[in-house]
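What follows is a set of notes on a single structure, which appears directly below.
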Amino acid sequence: FLSPADLHSAYWSYSRMLRELALFAAVLVISAAARAYDVEVTDKSNSEVEAMRDVANEDDTENVANEVIAGYQRANIYGGWLRRNNGKTETKNIADMERQAGISSAPPAKDVTKQIANIVVDNKFIHYGGVHTIPTIGDPEYGVLKKFILTYGVVGEFECKDFQPVHISVPADRQLIVFSASYGSTSHPDRDVTQAVVKYLVKDNAINHDGGVHTAIGDPEPGVPKTFRIVYGYSQRFTCLDFQPVNISVESGLSLHVFRATYGSANLK
């Protein structure tokens with residue numbers, strides 16, 4: 001027969017063996033579940049990655065797109081999206097990931113027209129590091145690839161007296177826009193002739209007229225010295241993705257006017 005001490009030792013050895021077997025079984029169950037879970041997540045992530053690549057390739061931004069896609073390929077779901085980037089883990093909402101992958105609607109792009117207009121200095125808009133680093137704009141959709149779209153005008157002014165020639169042109173791939181035109185004496189300096197200029201002076205996307213504008217649009221005050229003034233220009237569009245620089249300037253004598261600026265993932269479509 002075993003002594004009480006031997007029985008006590010055998011009991012504890014048996015208990016420890018049962019605990020170790022139970023722990024081993026639990027590990028096997030968890031590992032099997034994790035593998036099945038990884039397959040499901042990987043299949044979902046791969047489809048979203050391909051969708052994201054399709055969206056990014058439209059703008060020929062392969063390098064930027066690959067960085068974003070690489071982050072999403074490391075994603076797993078644990079109640080939300082976990083995005084691993086350089087060892088740092090951040091919880092992401094699943095809706096953000098689906099929106100980024102182009103499988104759900106994105107929120108409207110943020111209107112940043114006023115903010116951009118306020119930082120144009122000396123008819124230049126130069127910024128490095130990404131639009132989101134502009135303090136007055138920030139990042140409206142953190143962790144989501146976004147596109148900045150700026151529509152601006154390159155504007156010039158011209159003035160001449162009676163009988164003086166008028167020669168105005170814009171780049172060949174741009175459309176000449178007459179913003180305003182006036183023609184009058186000191187008594188009526190702001191007489192609006194915009195429509196007449198567009199109709200009778202603009203030809204082949206330019207204005208080239210000798211002999212005085214009155215010979216084309218008429219003389220509102222015969223025999224009285226007058227001044228012709230015109231504000232003209234053309235529109236231009238600039239786009240970039242996150243972290244890409246912005247470097248916009250215009251020629252001497254012209255001015256840069258911000259018409260509209262938006263920033264967001266919705267601009268990718």
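Just so it is clear, the structure is predicted and the values come from calculations on it, not from any experiment. Only heavy atoms go into these numbers, but all of them, side chains included; no hydrogens, no water, no symmetry mates. All residue numbers refer to positions in the sequence shown, counting from 1.
Between S265 and E141, the shortest heavy-atom distance links the atoms OG-OE1, 2.7 Å. Between R237 and T239 the shortest heavy-atom distance is NH1-CG2, 3.8 Å. Nearest heavy atoms, Q175 versus Y234: O-CB, 3.5 Å. Of all heavy-atom pairs between C240 and V131, the closest is SG-CG2, 4.4 Å. Across all non-hydrogen atoms, the minimal contact from G212 to T215 is O-OG1, 2.7 Å.
Sparse packing is recorded around CD of Q195, with 12 or fewer heavy atoms of other residues, nucleotides or ligands lying under 6.0 Å away. The environment of CG in D173 is crowded: more than 12 heavy-atom neighbours from other residues, nucleotides or ligands sit within 6.0 Å.
Judged by distance alone, the side chains of S182 and H188 never bring a donor and an acceptor atom under 3.5 Å apart. Using modelled atom types, one finds no donor on one side chain facing an acceptor on the other under 3.5 Å when comparing T136 with N118.
Residue pairs satisfying the salt bridge (Lys or Arg N to Asp or Glu O under 4.0 Å) criterion with at least one member in residues 211-220, sequence neighbours excluded, are listed as follows: D219-K226. The salt bridge (Lys or Arg N to Asp or Glu O under 4.0 Å) pairs that include a residue from residues 123-140 are D139-K146, where partners are two or more places apart or lie in different chains. Listed by first and then second residue, the ring pair (Phe, Tyr, Trp, His ring centres under 6.0 Å) pairs involving residues 192-228 are F163-H214 (not counting sequence neighbours).
Considering only residues two or more places apart in sequence or on other chains, T113 meets the side-chain hydrogen bond (donor to acceptor under 3.5 Å, both in side chains) condition with D111. Partners of S249 by side-chain hydrogen bond (donor to acceptor under 3.5 Å, both in side chains), not counting sequence neighbours: none found. A search for side-chain hydrogen bond (donor to acceptor under 3.5 Å, both in side chains) contacts involving E251 returns nothing, not counting sequence neighbours. In this view, S187 and S185 satisfy the side chain to side chain contact (heavy atoms under 4.5 Å, CB included) rule, not counting sequence neighbours. For R191, the salt bridge (charged side-chain N to carboxylate O under 4.0 Å, His left out) test picks out E221, with sequence neighbours left out. Not counting sequence neighbours, T151 has no partner by the side-chain hydrogen bond (donor to acceptor under 3.5 Å, both in side chains) test.
For the atom pair NZ of K110 and OG1 of T262, the computed distance is 12.0 Å after rounding to the nearest 0.5 Å. Here the CD1-NZ distance, from I217 to K199, works out to 12.5 Å after rounding to the nearest 0.5 Å. Note that CZ of F125 and OH of Y152 are 11.0 Å apart. Values are rounded to the nearest 0.5 Å. Here the CD1 atom belonging to I116 is positioned 10.0 Å from the OH atom belonging to Y263, to the nearest 0.5 angstrom.
V250 and V246 fall within a single hydrophobic cluster, where Ile, Leu, Val, Met, Phe, Trp and Tyr are joined by side-chain heavy atoms under 4.5 Å apart, directly or via other members. No continuous path of ILVMFWY side-chain contacts below 4.5 Å connects I149 to V120, so the two sit in separate hydrophobic clusters. With hydrophobic clusters built from ILVMFWY side chains whose heavy atoms lie under 4.5 angstrom apart, F158 shares a cluster with L256. Cluster membership check: I137 shares its hydrophobic cluster with I248, using side-chain heavy-atom separations under 4.5 Å among Ile, Leu, Val, Met, Phe, Trp and Tyr. Note: the hydrophobic cluster containing F148 does not contain L241 (ILVMFWY, side chain heavy atoms under 4.5 Å, direct or indirect links).
Residues V154 and Y232 fail the side-chain proximity criterion, which asks for heavy atoms closer than 4.5 Å.
Proximity of a side-chain donor or acceptor of T194 to a complementary backbone N or O of A181 within less than 3.5 Å is detected. When atom types are taken as modelled, the side chain of N123 and the backbone of S255 share no donor-acceptor pair closer than 3.5 angstrom. Side chain of N205 to main chain of R174: a donor-acceptor pair is present (N/O by atom type, distance under 3.5 Å, no hydrogens or angles).
Exactly one residue among D192, T227, D162 makes a side chain to side chain donor-acceptor pair (under 3.5 Å) with Y183. That residue is D162. Shown are V112, L150, I119; of these, the side-chain contact (heavy atoms from CB on, under 4.5 Å) with V258 is made only by L150.
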Sequence neighbours left out, cut at 3.5 Å: what donor-acceptor pairs do the side chains of residues 164-171 make with other protein atoms?
from : atom 1 : to   : atom 2 : distance (Å)
Q164 : OE1    : K161 : N      : 2.7
H167 : ND1    : N208 : OD1    : 2.8
H167 : NE2    : D210 : OD1    : 3.1

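The hydrophobic cluster containing I126, built from Ile/Leu/Val/Met/Phe/Trp/Tyr side-chain heavy atoms closer than 4.5 Å, also comprises Y128. Side-chain contacts under 4.5 Å among hydrophobic residues (ILVMFWY), followed directly or transitively, place V155 together with I177, F179, V231, F259.
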